[in-house]
Amino acid sequence: MVGIVIVSHSQKLAQGVQELAQQMVGGAGKCAIAAGIDDPENPFGTDVMQVYQAIDSVYSDDGVVVFMDLGSAVMSAEMALEFLAEEQRKNVILCEAPLVEGAIAAIVQAATGANLEQVLAEARGALAAKTLSLVEMAIAQVSPHDALSIPSSGNQELPREIHLTVQNQMGLHARPAAKFVTIASRFQSKVTLKNLTNNSDAVNAKSINQVVTLGVRNGNKIAIAASGLDADEVLAALQELVEANFGEEVGERETILGQNSIAPEPVKNKGEKIQNCLFGIPASPGVAIGKVTLYQPAFLTVEQQKTENPQAEWQQLQTAISTARHQIQILRNQISATAGEEEAAIFDAHLLCLEDPVLIQRTRQLIFEDTFIAAAAWKTVIDETVASYEAMSDLYLKARAGDVSDVGQRVLRSLVGTVPTTLDLQEPAIVLATDLTPSETAQLDVTKVLGICTVLGGANSHSGILARSLNIPAVLGVGAELLSLENGALIAMDGETGQIWLQPDEQQLNELQIKRDEGLATVQALKTVAQQPAITRDGNQIKVMANILTVGDAKNSLENGAEGVGLLRSEFLYMERLIAPSEEEQLEVYQAIASTLSPHPLIIRALDIGGDKPIYYLNLPQEANPFLGWRGIRSLLDFPDILKTQLRAILRASYQHPIKLMFPMVSSAREIRAAKEILATAKTELRTEGIQFNESLEVGIMIEVPAAVVMADKLATEVDFFSIGTNDLSQYVMASDRTNPKVANLADAFEPAVLRMIQQTAIAAHKANIWVGVCGELASSPLATPILVGLGVDELSMNSSAIPAVKAVISELTMEEAQAIAYAVLELDSAEAVKNYLAAR
Ligand code: PEP
Ligand code: MG
């Protein structure tokens, strides 16, 4: 029996058509659907792999007919064919008949045992009767304000054309063009667009790049032509969009987001609080004054190689495009949540760029006809597209070249692998970026980066934490206004208050310079004192450790007075690369860090993935709530090989080095037991291989989930120590995403709710005779030191830059005073009250 496949953006639509048809044939049809995408927030879309699987599930030598709804459904179906074997492909027909009428006619016909040709003929004729009866009415229904329309001849295949004037302030730039292309793509008709004002050629209205490079500005006249069965509908929809000014307010100007683009607009004040100032989240203290440099990720170059297997190259390109789409969708969701839907909409243009039929068709041609490898073909087409933007005189359109290039590089990174991103600063500067990944922040040259300001992020996002550990002043989560700054503009920023001065005057500069110099002098003096152990006035020693990533950090931490490392975030070894690091590679790094610290101890945290730490080669799925999702030990246990490799490396490094192991994001005893089982297997393997390791390696867990606090007495029986991760614990206790600037301030570890959790954990640990540390950011705050000491925390692990100040506070306390402070703040009712109480002491 001929199989039928329905490809639709909407799962409900596809299911409805399938059910209706199956009902007509008493369930006898062979029909599969590929509809919607796996994104709860935006479930509409089509997925190439789903289409391929649907075809495969109904395939037989009798053939398969595929029906599609709109735009990208057609492209997904075309791409899915590429995954089929050559001999299968000729039996699969993509049918141009309308989805509902065509698919139902085909299913009914196929159920009679008709062959492929008969099924196709039935599907193609399915619309005829309806067309005949409705065409007259459709012509009569043309809206009266189509005064400028060229009248229809009544023949649906002849192009119909309307002329309109574009009235929105910015013309057909990224966001309005994205809306225009999205609507045009929903219809089957061929749609073209002309800029009558500059007498352009007609371009494909379903191609984002062609539409944008027409250069349609405010006041320009355009001609939209459509030919096909739904020509009237598409013209009416586009007319409505243009006449509604693309949904823009009058006078609204576009902010062009994207790492390479700046909108050359006059500087605006966020919140208009103070003239010429922007405000963000204070993420790393210190004053910086200097010229700004816009961060641009490293650029990939590609050799113009030829291939003997175009098919394989084409498939690789499809995979790379899918990966890029996934990444952009994540970024879009993040920006929508942090900066708002308006700002996020720019990424729709990025997504459309990946689906641009003209761009895809040209790439395909270069691969199959000119036998270019996928990367070379894609790069060539992207370069051509970028060049066409750059050739434009309009400054706004020129800036769009950056967006195309950004999308192009994203796909290339998937094709040829990531290269380390570098910020090659010629002279000291303040770095501006949309966002910085942890590894990008980690790679910053601390001798040249005076400060960091980003559109996204919060104090406890990893870029914030890293900035503190690198001693770089940082103001994060400033909002898109930041990108309106010109490269080279002089600004001043204060990472303690979150304030950015856009054009500081002389008096402001003088005051800020004094604050900066005083800060640096204090840091230097404290470092010297910090080489002494941290002992309270009444003789209690508190261990003060560092949180680190690299060997370089380990050295730096010792200079700051660290007595070892309480948290090595090992995930940074796994990020920004194509495959997981090998056992040998990890062993080398762990040994190097342990030797640098010797004789001080090193706690290595097992890979903590998920949340804001993506690892692309693990293909972690996009999750609606990544922080409540498959992260930390939850995902680690599902990658037992990766975990075992890491545990073997840690065990081997523990031979003759004081190394301890710690598991992240534990929420139940079951998880600890499962992880310890894998540890036991790793130990058995090493014993069998005759490789030495520390048989009594201490094992601890992070306490960062409320469930772990509540169950701390039980968990304590499974491990040798606890380390409280207040960054995650705060966000989970306060139910506020630590990377979302809108609520990040709520995830405040000074909240009495969080402090009570710390108290509860410390009591449970001591009852079970194990020690407890804090390695979240709260430990880095000298203000919090008396509370943590008073609550009985045995070890504080922090950004090494904070060590001198924390040690100084400890040496001024007695245990009795610390306990009094701790118990007093536990009785307060807000983070603010706690901070005020501490500040007033
Ligand atoms: C924490 O959550 O406090 C912690 C130390 O872990 P991370 O910040 O790496 O998630
Ligand atoms: Mg954590």
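When a ligand or atom number is given, it counts from 1 through the structure's own listing order.
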Contacting atoms of ligand 1, where contact means under 4.0 angstrom from a heavy atom of Leu567: 5 (C)
For Arg569, take its heavy atoms, then give the atoms of ligand 1 lying under 4.0 Å from any of them. 4 (C), 5 (C), 6 (O), 7 (P), 8 (O), 9 (O)
Using a strict 4.0 Å cut-off to heavy atoms of Cys775, name the atoms of ligand 1 that fall inside it. 5 (C)
Quickly, which of Ile803, Asn547, Val774 forms a side-chain contact (heavy atoms from CB on, under 4.5 Å) with Ser797? Name it, please. Asn547
Contact partition for Arg605 relative to ligand 1, non-hydrogen atoms under 4.0 Å: side chain
Could you pull out the atom name of the N/O/S atom in Glu704 that is nearest the Mg ion (ligand 2)? OE1
For the Mg ion (ligand 2), find the closest N/O/S atom belonging to Asp728 and write down its atom name. OD2
N or O contact, Thr726 vs ligand 1, cut-off under 3.5 Å: yes
So that I can tick it off, tell me whether Glu812 and Lys807 are bridged by a salt bridge, with the cut-off set at under 4.0 angstrom between side-chain N and carboxylate O. no
Just checking, is any N or O donor in the side chain of Ser730 or Asp728 under 3.5 Å from an acceptor N or O on the other one? no
salt_bridge(Glu751, Arg756) N-O dist < 4.0 Å: no
Any heavy atom of Glu777 under 4.0 Å from ligand 1? The part involved is neither
Give the numbers and elements of all ligand 1 atoms closer than 4.0 Å to a heavy atom of Glu704. 1 (C), 2 (O), 4 (C), 6 (O)
May I have all residue pairs that pass ring-ring contact (aromatic ring centres under 6.0 Å, His included) and include part of residues 754-809, sequence neighbours excluded? Phe721-Trp771
Is it true that Arg648 and Glu583 make a salt bridge, defined as a side-chain N closer than 4.0 Å to a carboxylate O? yes
Relative to the heavy atoms of Met702, which atoms of ligand 1 are at a distance of less than 4.0 Å? 4 (C), 5 (C), 6 (O)
Does either side chain, that of Thr645 or that of Gln586, offer a donor lying less than 3.5 Å from an acceptor on the other one? no
